[in-house]
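This one's a predicted model, so the numbers in the text were calculated from it and none came from an experiment. Numbers restart at 1 for each chain; the letters A, B, ... are given by sequence-line order, proteins then strands.
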Amino acid sequence: MTPGSAGSRPAQRSRGFRGIRWLLVRLGGAIFVLWAVATLTFFAIRLIPGDPAEAVLGGPGSQASQETLDQVRQDYGLDLPLAVQYLNALGRLLTGDLGTSYALKVPVSDLLGAQIGGTLVLAFTALCVAWLIALLLSVWSTGGGRVAAAVGQGIELTSAALPHFWLATVLIAIFSSTLGWLPPVSTATPAGLVLPTLTLAIPLAGFLAQVMRETLLDTLDAPFIVSARARGESERGIRLRHALRHASLPAISLSGWALGYLISGAVVVETIFARPGLGRTLLQAVTLRDVPIVTGVVLLVALVYIIMTVVTDAASRLADPRLRNAEAQP
Amino acid sequence: MSELDLRTAAASAAPVRRARPSVSEIFAMAFVLFLAVATVVPGLLSSIDPNAIAARDAFQGPSPEHWFGTDESGRDVYSRVIAGTSTSLLIGVSATVIGVTLGLILGVIAGFGGRILDFSVNRTIEVLFAFPGLLLALLVIVIAGPGPVTATIAVGLSTAPGYARIIRGQLAGIRSSGYVESARVLGHGPRRILTRHILPNALAPLMVLATLGIGQAVVWASALSYLGLGAQPPSAEWGAMLSAGRTYIGTAWWLTVFPGLMIVLTTIATTILGRSLTRRTAGRR
Amino acid sequence: TPGESGSTPVAGGTLTYASGDAEPTCLDPHVGGNYPQALIAGQFLDSLVSRNTDGTIIPWLATEWSVSDDNLSWDFTLKDDVTFTDGTPFNAEAVKVNVEHLKDPATESSTGYLALGKVESVEVVSDTVVRFSLSTPDSALLESLSQPWTAIESPAGIARGMEENCQAPIGTGPFLVDEWVKQDHVSLVRNEDYNSPPADAKHDGKAYLDGIEWRFLPDSASRYAALQAGQVDVIDNAQPDTIAAAEKTSTLAHLDAPRPGASNRIELNAGRSPFNDPAVREAFIRAVDVNDGIESLFFGSAKRSYSPLSSIEATGYSDESLFGTDLDEANALLDSAGWTERDADGYRVKDGERLSLAFPVSTNQSIPAEQSLFEQIQATAKDAGFEVNLSLLDLSSWYGVLGENNYDLVSAPYTKVGPDVLRILYHSDGIIPAPSGYFANHSQVSDPELDALLTSASEISDEDERAALYEQAQKIILEGFHILPLYDQQNHFLLGTRVKDARALPTVSTPTFYDAWLSGQ
Amino acid sequence: MTAPDTLLEVEGLSVSFGDTEVVRNLSFHVSRGECVAIVGESGSGKSVTARSLLGLAGRGSRVTSSTLSVAGRDLTAASERDWRRIRGSQIGLVLQDALVSLDPLRPIGREIGDVLRLHSPLSAENARSRVLELLASVGMPNPERAITQRSGELSGGLRQRALIASAIALDPPLLIADEPTTALDVSIQARILDLLADVKSRGTGILLISHDLAVVSAIADRVLVMKGGRIVESGNTQELLALPREEYTRRLISAVPTDKPRRVPLVPDAMPVPAPTVHSTQDAMAPVVLEARGLTKSFPSPSSPFLAVDDVSFTLRRGETLGLVGESGSGKTTVARLVLALAPADGGAVLLEGGAFSELRERDRRPLRRKVGAIYQDSLSSFDPRADVRRILTDASELAPKADRHSVGELLDAVGLSPAVAKARPLHLSGGQRQRVSIARALAARPDVIVCDEPVSALDVTIQAQVLDLLDRLQAERGLSYLFISHDLGVIRHMSDRVAVMKNGRIVETGDAARVFDHPQHPYTAQLVADAPRLVDAL
Ligand SMILES: Nc1ncnc2c1ncn2[C@@H]1O[C@H](COP(=O)(O)OP(=O)(O)OP(=O)(O)O)[C@@H](O)[C@H]1O
Ligand SMILES: Nc1ncnc2c1ncn2[C@@H]1O[C@H](COP(=O)(O)OP(=O)(O)OP(=O)(O)O)[C@@H](O)[C@H]1O
Ligand SMILES: [Mg+2]
Ligand SMILES: [Mg+2]
Ligand code: NI
């Protein structure tokens, strides 16, 4: 006989209370991370060689006069002690002010405010599509014998290995240049979203499908599946009611990471498909050394990422009571 | 298994049966071997100078003479792809080494440094995670300027938090594992436990992870090259070649397809190898 | 000519233009003054004069002009019924304000500032007559005024301040800036009251198009794909291979509009070693082979040039004999210049120093084919023992390197109407930077004889005499081996079939869509 | 033998996976209201048999039978559809791994409701009330709450009840219960057996599978003994236990430690345990080697600190075994960890040979550690996965005094393993072999005391018997002292000289083993003893 290890005691406090407590702790952590990201970026940016005032005036090529430089320093508060600049920057951050772009001379928050929508639409569509592809692929490859399994694994491996920029090129060559079905340049229309979305979604789907397939296989071997079968559950019922839920759990918790991955990918994809968005803005800002924009994008992406991880963690917690219980028993 | 006759059973229980490598594993090994040869003795695989310019021979499609065709300056794409192996792999491998080393340092500090250090490293990792992949790399490039070295460091840095998190978890798991505990109960000292039990068990999976990571590092590094922020033409780096070739996608598909294929195949091969290593090392557990 | 059609124009529709040039940071071409600004500014700003295809100056906002006998005073008579799109009238005062704006260092103008360098003051003679007073005679004044960088903007618009004026400059042009979504596009809508087309326009009154969607599409492959897919109507910066492909189709038209002014050339920095030695310059030029490369890389869309000036400049002078590739001669020249030894890598060495040439390349200003050409130059120069260090730089780093005089070779396109560009590029005054930091004399030619020729050419009004002087000047430049001409500044547009009657202005070859219309509308 | 009310009729059932036949030519039947038990050692094919009766033998299996009928329906050529119709409605199955046999992501109510949804036209409302009724009938304390809970939120016993509820939801004529009590505490086990008896009394036929003869004897009418996929013996429970015909059956019976006097070997033909070299039992003169004084340990918990060990004191003399028994969660393992100084105690101290042990600094304690060895339940995880047996044993024997070191061969011999095992990694050893290696490792350092935390809980009865015999023998030969922890009263009783009974972190009763078991003083002990299944009851 083996001793039972699951002597679960009744929860000491109500579930609701624990949920709120958890959320508060998470939010506190999120605010800390955001502050740390802001601080890190602020000081990292100071490492950039060269005079920020010169950058404002168009880089070292400007050869601006001393007075102009001084003027700019004063305008941008660059003449103050570093600590004061830092506090100013934090203070401005609290009001949502990200400073003024060096190159474009417009408020960064306005600029990014206009750009973030496009990126988020792209990233979230890609996330959903990747999820869908991964789901179908993993269900298909685990349910159709050895050939399907081998083909499925091959597809997963290959798609996970596809670099975005290459995939984009190939997709444009096939669907725009050769077949002429889809516009190669992203527009506001849904058709314009197809290729960028696919470019981002396919490699991610490869990753997700790998994870999902493994859990799906594990799950299908689990005793509770035999138990369900013993109740007379059909194969489809097994998948729908039991296996898929389990397979999607790791994928849910990966979604925070996935969003970061997608935003990274957006840098390339937005450039190739000429979609306005954070990625393209960031890339241009990097080539122009437009520090406020770079800082702004980094902060914004960090914010999105943090929100996403809190949301996915919460979703995982909701979907998987084991996580909640694990907290109760250290 | 019946243990009524233990003494006879024990003899047959001992030998470990090694699984025969699968088709994909054989492919992966072969490809990695090919990469190794291309890195160490590229001359063995191609006799043409990858940088020999012959403007008159530009844009020739694949032929027996030029297996992968020629590029816009008449250089042989095949020999450039071969020559690019060392650059691309060097970037990929160095980036992984940087990432793993940093990850190891962070992970070990967190895993052994007591609660305060663990807590702070943990937060650090969390913060680094908030700069997803390429973003951290781009930030590094803004600071240090573009170029292959920066790109390598950038990719390395951006993978470090991932490794750190895994190593930390691994160390925590091993530290509280039954075998470390039983070594303590037996009266072994901490140094011996660290060197004989904890590190060997933590490093093996790390090597596997690193194998898996190389493929992704190659992809990210080539993405940077593609964006013009990493290796630059005429250096024969896959990403840079791809970037240069994309201009001529309508005229000369081979300029894009072959370097891209190398990146994809490299990633697939390292992934397969990494996975089979995982399986094999996990089999021991 | 492409885009021409026998049928009658129909009004309506929005044309989508995809630009591969960098997105301007300011839409006011007075500020700075580069080609991307010129491209778009031509749609909403008019200039005082324009130029015909044969190079003669024709009326635009100015109906006629006259010059005093001493060539120091120019009177322009202006159209009297034109208003800016903000409703304020176009008049002599506006012209005066514009010139002052250009000459104000705070405007940070470089192109316009240089073009109007000799204008001392502007005087309002009457509402419709404006007088330019020059410090010295300027034979290039009309050419300078035909350029988009000196186009006329609403004084009220300018008064709003640089930031606002950059966002949406106000002009008298056929379109006006409706909205600028940064990093994406500029929306231009028709100016319903337009009445001031240049003299060579095909029609009067307002434009046919409802508007133009001016998109920024940096990726050349995507740009061409978008054109093929009909997603955009016009693309610029078409890549050589796509031009060749487009010319084979019936659905796309090619508009080849080489830019005026200088040819595309590599300048050899005579301001420092080793190119301060003419023999080394000659050796370099003799050593490198560019013809094969141009042929294969440009798919026949670019013709080798042997002149400092664009082939559309009537005064251009070329001398092919100077640019024959001859490795033996190059070697002999280098040997005699004291670069006799070679190091292990095969590069020449003198006094322990390698014969290294820094070649900063601006990725914003060189298309990939050109960068490949530079790589080929790098390879062929190696045979003679030159080490060429190519570095691909973003624009500001590139300016930085130039500003620090850290280059030996550089390719910097310069677009200006007329041969006076030679004065800007090769007069020793051009070694001193403009307020924005730009200096034009990259080859750092400092030759009193050349200076004198260029100065007098710019002051002489007689066309033949002027041409003779410019020919002499070009001879000096070419024979001094200061530059390696490559080809005309490439300026290729590809147009979808529904675009009719689009053309490039014969000034700086920017496209104009005033006459353009969309068939099937 | 087919009676009119035969529910299940199996004739010539064989199951093979690939080339290996794991069930061979099995024939038996179960009638209405009858409980038939299958017993046998691990791997004998019990579970496979059970699953094949529902067509769920598993991936890659080949099942053949000449007769297979359930409630008169022939299933030898059943299609998947037919099987689905049978499952749940005609046969209910309680799987072996009760703790993980319910989907952890779905509420219990849904899991049970699935059976109703699949086989009956009940409306959602009716189904819900039926589920509530079922849960109440299996003794779920708060059915209303339980239907919304997921299996992770329930204790093992409650999970097992829910699983049984789902198996009997449609009142199938036949219930197959595969090791329904394996993972449970004795008291809960007794409740579950009561529940099964109740189900049986309602006319349901039960096929009960267990490796534990004691459990079986309490409820089964007939017993089938399986070995290597065959039925080696079958018959009426009483008769079979009283007069086993087969050697194998006899061995199974004698391996059950319950009520076997101390030091009587559990393996019949084994050599009797030699007389202890250092006699200890009731010998007050034997020196105390280990002493626990007022040990207290609490763990942080969301509300108030949770007291896992509360003022525990005991002494252990040379050559003596102190049995520590109690239900799951009572704090036994925590005590063991405190004794081993793996965790700091909040209060109290552990003394070794009268000197400080737990209160020393780790550095000072290290030289003493070899004197206190340990054997764990999950021995696999206590071995470095990278080490083979030789390295494990040499690592440990290095700690013994130089003059007194065992060679690997000696150690293996002492625990009855062949020298060939030295090259193997523990992962590739069987459970019993592993436990022997683990004992050898404990011996290698030449300890005085061995803390055994559930050392045989993961083993089959027959193997358990061998290991217990081995421990006994080693104790006699070497004068070892054991702190022997188990939840199994039979094992404790057989192994211990003295017993301490733990409940909620406290020792509620302690004393001479025979006295405690025969005349429990504390009501909790009395309850435990009453709940423990005993073979003798059946005899
Ligand atoms: N899916 C399967 N594939 C291959 N072999 C299997 C499979 N399932 C069971 N076996 C083998 O069949 C034999 C009988 O297994 P089974 O689970 O019936 O044993 P058991 O008597 O229930 O043992 P236990 O008491 O440990 O539960 C074992 O040797 C096992 O390894
Ligand atoms: N590290 C820990 N942190 C928090 N609580 C713990 C810890 N270790 C044990 N506990 C709790 O202390 C109590 C006693 O646990 P312990 O493992 O000693 O019980 P046990 O008697 O050995 O039970 P079992 O028979 O299940 O092994 C349990 O409720 C357990 O949840
Ligand atoms: Mg079983
Ligand atoms: Mg325990
Ligand atoms: Ni048991």
Ala244(C), part contacting chain B, at a heavy-atom distance under 4.5 Å: neither
Contact origin within Phe299(C) toward chain B - heavy atom pairs under 4.5 Å: side chain
Heavy-atom proximity to chain C below 4.5 Å, by part of Phe59(B): side chain
Aromatic ring pairing Tyr407(C)/His442(C), orientation class (parallel under 30°, perpendicular over 60°, tilted between): perpendicular
Interface moiety of Ser220(C) toward chain B, non-hydrogen atoms closer than 4.5 Å: side chain
Set of residues satisfying side chain to side chain contact (heavy atoms under 4.5 Å, CB included) with respect to Ser391(C), sequence neighbours excluded: Pro360(C), Leu393(C)
Under 4.5 Å from a heavy atom of chain B, the part of Gln239(C) involved: side chain
Which portion of Asp289(C) sits near chain B, non-hydrogen atoms under 4.5 angstrom: neither
Parallel, tilted or perpendicular, as decided by the 30° and 60° cut-offs, for the rings of Phe386(C) and Phe284(C): perpendicular
Pairwise salt bridge (charged side-chain N to carboxylate O under 4.0 Å, His left out) hits with a residue in residues 136-151 of chain B, at least two apart: none
Donor-acceptor under 3.5 Å (Ser86(B) side chain, Ala83(B) main chain): yes
